[in-house]
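Remarks on the structure that follows.
On a predicted model such as this, the values are computed, not experimentally measured, just so you know. Start at 1 and go down the list; that is how both ligands and their atoms are numbered.
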Amino acid sequence: ISDVKAVTTSSYITTPIYYVNDKPHVGHAYSTLAADVLARWRRLQGRRVYFLTGTDEHGQKVEKAAQDAGMDPQAFTDKVSQSFRDLTATMGFSNDGFIRTTEERHKRACQALWTKLVENDEIYLGAYEGWYAVRDEAFYGPDELVERDGVKYAPSGAPVEWVKEPSYFFRLSNWADKLLAYYDANPDFILPASRRNEVVAFVKSGLSDLSISRTSFTWGVKVPGDDAHVMYVWIDALTNYITALGYPDEAAPEWQLWPAEVHFVGKDILRFHAIYWPAFLLAAGLPAPKRVFAHGWWTNEGQKISKSLGNVIDPVALVEEFGLDPLRYFLLREVPFGQDGDFSRSALVNRLNGELANALGNLANRTLSLIQRNADAVLPEATAPTEADAALAAQVAALPGVVGAHLDRQEFHLALEAIMAAVRDANGYITVAAPWALKKTDPARGLAVLRHLHDALRVFATLLQPFMPGTMAKLLDQLGLPEAARGLDALSTKLPGGLALPPPEPLFRKIEQAA
Ligand code: MET
């Protein structure tokens with residue numbers, strides 16, 4: 001426990017801002033969940049945290065979705081953006097801010113950044129001629145495309161169209177060497193490492209200047225001094241991360257939180273975050289973020305998820321069926337964070353029944369019921385671990401440090417695995433120590449065993465709070481922990497013996513496994 005100190009630094013943690021062309025699905029919930037868990041962990045460490053999510057509302061893709069819905073783009077984005085706000089409540093997200101790119105403060109920030117880039121001679125007027133995929137809101141070189149039945153597609157499968165129009169350009173070609181130096185100096189800037197290698201290879205192959213304005217539609221932020229142009233939606237979107245901290249007002253109190261600790265992104269938008277974004281920032285004389293973490297995608301029962309297959313996963317329905325905390329647990333437990341994973345009902349039910357209800361739930365219930373029956377419903381006094389208790393005690397004492405090290409690298413699955421390994425060992429300990437049989441034969445030893453189990457449960461519940469906040473609050477209530485003693489640094493203070501404990505209630509509801 002000694003290696004988890006109260007940390008006084010601050011953390012700025014972000015999710016992508018989501019396009020409002022469609023309602024939220026499990027992929028959105030997954031990105032934001034990861035950010036939420038890290039934000040909650042940092043707060044538990046005592047850090048000052050700002051956790052941001054929001055919606056990306058400009059560009060051709062959103063404009064087209066509004067047209068298809070027969071709505072004015074602002075009314076349309078108001079409506080869809082609200083469904084993303086609602087998701088944060090459904091999923092129990094603890095975001096400190098929610099940003100929309102149609103807000104005035106954001107337009108101001110975009111124009112300020114643009115003006116700075118112009119001042120620094122990083123922008124020039126030219127003409128773009130090339131391929132564009134509206135679905136990806138991305139430009140592609142001819143060598144990146146594949147052709148099927150005479151139609152050209154981006155590597156993502158999005159159809160491309162030929163665009164020819166006047167455009168402002170950002171001098172991205174000047175930044176390849178400086179980006180490579182930044183990656184070199186910050187080896188964990190892009191995680192996981194496999195993704196980093198892809199980005200490095202791409203940058204090494206040479207960067208061309210980037211078209212950053214459009215003239216063929218108007219749903220965007222106007223380019224300062226040239227009303228015929230709106231900004232390319234990605235320079236607009238990326239700027240959200242600094243808008244929310246008050247940019248361009250560098251005296252704003254939130255500005256101190258820049259640079260971000262982590263931008264969580266899906267692997268499909270890594271290029272924008274790991275290449276364009278640091279280049280824009282460095283070109284404007286601002287620090288680049290400390291990390292971009294690219295996570296993978298879910299399949300549904302082994303199948304690629306797509307609207308046309310009709311197998312899009314609705315997080316609201318999952319929360320209703322399985323409960324919020326089991327879902328949150330499953331999403332981060334099942335798949336190594338950074339890799340693709342399969343969403344399967346039976347896997348979720350197995351995790352819920354096996355690890356949550358059986359392993360953790362029963363351990364808590366057995367221990368706390370025995371305290372009610374055999375210890376007069378009060379917490380037994382702490383005693384020094386005997387040889388029989390030493391292994392579990394040492395493992396539990398090391399756990400906060402182990403979990404913290406994993407979360408520093410966004411290894412959510414490894415953090416959970418470490419906690420669950422200790423839960424399994426605590427179950428082995430209770431079986432061997434058999435405190436239920438000790439009341440008659442050795443009552444003092446019986447109480448000591450229950451106290452060791454209580455100490456272990458307290459650590460498990462404290463560490464699991466970011467993953468399952470509601471259920472762990474209940475467990476901590478049952479363990480008699482006052483609100484003020486639920487942070488990481490409180491773990492070094494022992495609870496006094498004699499504390500009255502309430503009778504336990506089940507934490508998890510098992511689900512019938514479909515045949
Ligand atoms: N709107 C983009 C998406 O949903 C993310 C933008 S993050 C600055 O893919």
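Of all atoms in ligand 1, numbered sequentially from 1 with element shown, those under 4.0 Å from a heavy atom of A237 are 8 (C). Close approach of ligand 1 to Y19 is summarised as follows: ligand atoms under 4.0 Å from at least one heavy atom of the residue are 1 (N), 2 (C), 3 (C), 4 (O), 9 (O).
Using cut-offs of 30° and 60° for the angle between ring planes, the H263 and W258 rings count as tilted.
Side-chain contact annotation: S31 with H295, donor-acceptor N/O pair under 3.5 Å present.
Closest to atom 5 (C) of ligand 1, if we only count protein heavy atoms, is I17 O, 3.1 Å. Looking only at protein heavy atoms, the nearest one to atom 8 (C) of ligand 1 is Y241 OH, 3.5 Å. When only non-hydrogen protein atoms are considered, atom 1 (N) of ligand 1 lies nearest to D56 OD2, 2.7 Å.
Under the 4.0 angstrom criterion for non-hydrogen atoms, H273 is in contact with ligand 1.
Between Y140 and Y132, the distance separating the two ring centers is not shorter than 6.0 angstrom. You'll find the ring centres of Y232 and Y168 outside the 6.0 Å limit.
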Quick one, R43 with F51, criterion side-chain contact (heavy atoms from CB on, under 4.5 Å). Give me CA distance, side-chain angles, the key distance, then yes/no.
CA-CA 10 Å; R43 292 190 198 109; F51 161 27; 4.0 Å; yes
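For the pair R271 and Y276, the NZ or CZ position fails the cation-pi test of under 6.0 Å to the six-membered ring centre and within 45 degrees of the ring normal.
In W234, the part holding a heavy atom less than 4.0 Å from any atom of ligand 1 is the side chain.
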